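Below is one structure, written out as structure tokens, with a few remarks after it.
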Amino acid sequence: MARGALPLIAAFVVAGLVIGPVAAVLWRGGGFTALSPADLDALRFTVWQAIWSAAISVALAVPVARALARRSFPGRSALISVMGAPFILPVIVAVLGLLAVFGGNGVLNLLLAPLGVPKLDIYGAHGVILAHVFFNLPLAVRLILQGWLAIPSERFRVAASLGAPVFRLLEWPMLRRIVPGAFAVIFVICLGSFAVALTLGGGPRATTVELAIYQAFKFDFDLGKAASLAVVQLVLGLGAGAVALLLARGDMLGAGLDRVVQRWDGSRLLDALWIGAAALFLLAPLSAILLAGLPGLDDLPASIWPAALRSLAISLGAVVLTTALALPLATRAGEAASLLGISVSGLVLGTGLFVIAQPFVRPSSIALPVTLLVNVLMALPFVLRILRPGVEAVQTDFARLSASLGLSGWALWRIVYLPRLRRPMGFAAGLTGALAMGDLGVITLFSRPGEGTLPLAMYRLMGAYQMQAAYGAALLLVTLSLAVFWVFDRGGRVDADAG
Amino acid sequence: MLTLDKVTFMNGGFPLSADFTIDAHSVVAVIGPSGAGKSTLLGGIAGFHEQVAGRLTWRGAAIGAVPPAQRPVAMLFQDNNLFPHLTVFQNVALALGPSLRPDAGARARIMDMLAQVGLEGLAERKPAALSGGQQSRAALARALLQDRDLMLMDEPFSALGPALKDRMLDLSVELAKAAGRTVVMVTHDPDDAVRVADTIVGVAAGRAFAPQPAQDFLRNPPEAFIDYLS
């Protein structure tokens, strides 16, 4: 959007917020430190788990997406909507849900015990991968489903009338085009894994780079090492992010997936099994949270409510700041620049901001504002991905009319951009708010007891083995996250004119 | 008088040259093959395309460096003439300024203009609730209310059926003439040119020719237009 100095200022703010903190950490740490064998192990594990997480997610998504593409059944639309939920589900809530199903005392072990199957343990590398598949299978299904639905239905009719092999003729070329991008996007998401690794991983064999950064800060306060690992993470993230941007096709958050293409091939039973298994895998942990969370609400400590208010404040603040930065940055260059935010370690960003602010204020007193800023930077690439097409459409359609009427500055925003962008802005705001509400990242480093956010309070309850209360907090957190998403998304739709 | 003194407009990498004058209060039809530069000519006069050479003046004052909104120009585009999220009233009100809640005086002028174009009672409708012809009338109302000396029409009625298109063209020219405007309109139809225009500017291969009386142009077209008109 070429609108004077505003895009430039926004770009400087983003670049400053990313580069400044990393530089501050480097300076404070006295420069780079050589990576230890443990750090190299973390690097290897990070890449290894990201490859496996992406590969399993995509491999499972292919049959599920195909089944959804060709089968119509009651609740199909709702199931596809639910598949969008893990994206905004707080990580810590999902982990608790997975523990309830796959944990030592989980449902699965209870069912398998009478059969004499040894107890399954969710902690470790396979737990990290399981959680990543839980989060990313729905994303992979949606991406691949879009590819399937993009194949014109006439081609299936032609193939059916000719008795031609549908997979080789129509599906394989589509998969070859879509799957690498889906793999790359999920790989990038899993590279930056922190909360999952913190709760299910750890130890020499299941530590990600992000978790190693946390440990360098929290236990060793070795800023040089943290900065070195941060640069490794940045290079890895930027490189993989660039590849993902090149390979990814389609709108990963897009709608319009409720269409069914009539098909004449495939086994109904097999499709039903795939859909049923995916639904069970995704819904069981969520149901466990609901079932265990309701009685847990009575056990919530009083400190949960101020924590919930803090999370709500961070969530709303993130919505306002992210929107303010995203609108002027909604260009190709702006979107590319915003990848900096998601590629750099959130923990390093947070620590850098603390290092910068430390001479002026007490670090714990700015834990919440720093968490807010880090969330803004993390949400920015997603928000820009959502807003940019709308902004470009407004420019294409109405730039000349606006110019001929002398609409500029605030009047242009008020009369043209904001009303036209209401729907995507509502969706983006909902996403930002929900992600910030459930974030368990930099707050783990600097918050003092009794001053944390709701996810942190929940994590502390889990750490103290107050599981009943933790389930209650999880239910509260997921309710608030979904409510924030719903309010903004709905707000963008009410009275919005599609024309 | 609109003077294009050895002017070249650049639309992307496409140059269009023009060297002539257009009389004030006249109606000029711009005709020529697709891709010849008709829209570039109008866009250049309106300020949407860069002027890389020559001098563009209106009544002696140079307007080549003036931003679009400050030129003496109201323009009807091929499409997207209305903001779909605003009502007809609000769309027309933008002709008077960026306020969507104008004062009583402005309100009366807007309602009067809507009556002139035959949109009484439709002020509070959104464009999607109007027919194609009614949408064109709303855009015309706004262009007339802008109160600019020059009205440029870049085939704004091309999506309408033939009869409706003719009616809208006639109405536009009639109201513009009554308001003392100079009209420059792009058309593909020589019959339109003869029916409503005083002169024709032919545009071919990046060059706009000087206006000629409409009948003369069609009877005796320049060589570059013989194939096109036949």
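Here the structure is a predicted model, which means the values were calculated and not measured. Labels below follow one simple rule: chain letters A, B, ... track the order of the sequence lines, proteins then strands, and each chain is numbered from 1.
- Relative orientation of the A:Phe485 and A:Phe427 rings is perpendicular, given thresholds of 30° and 60° on the angle between their planes.
- Donor-acceptor pairing under 3.5 Å is recorded for the side chains of B:Asp154 and B:Ser39.
- The choice from B:Gln70, B:Gln146, B:Arg148, B:Arg142 that makes the most heavy-atom pairs within less than 4.5 Å of chain A is B:Arg142.
- Contact detail for A:Phe382 and A:Leu431: the closest heavy-atom pair is CB-CD2, 4.2 Å.
- Taking the six-membered ring for Trp and the full ring otherwise, B:Phe9 and B:Phe14 have centroids separated by 6.0 Å or more.
- Using a 4.5 Å cut-off between heavy atoms, A:Leu407 contacts chain B through its side chain alone, with no backbone atom that close.
- There is no contact between B:Asp79 and chain A, counting heavy-atom distances below 4.5 Å.
- Relative to the ring axis of B:Phe89, B:Arg107 places its NZ or CZ within 45° and under 6.0 Å from the centre.
- Highest contact tally toward chain A, considering only B:Gly43, B:Ser99, B:Pro98, B:Gly47, is held by B:Pro98 [criterion: heavy-atom pairs under 4.5 Å].
- Both the backbone and the side chain of B:Leu94 come within contact range of chain A, with heavy atoms under 4.5 Å apart.
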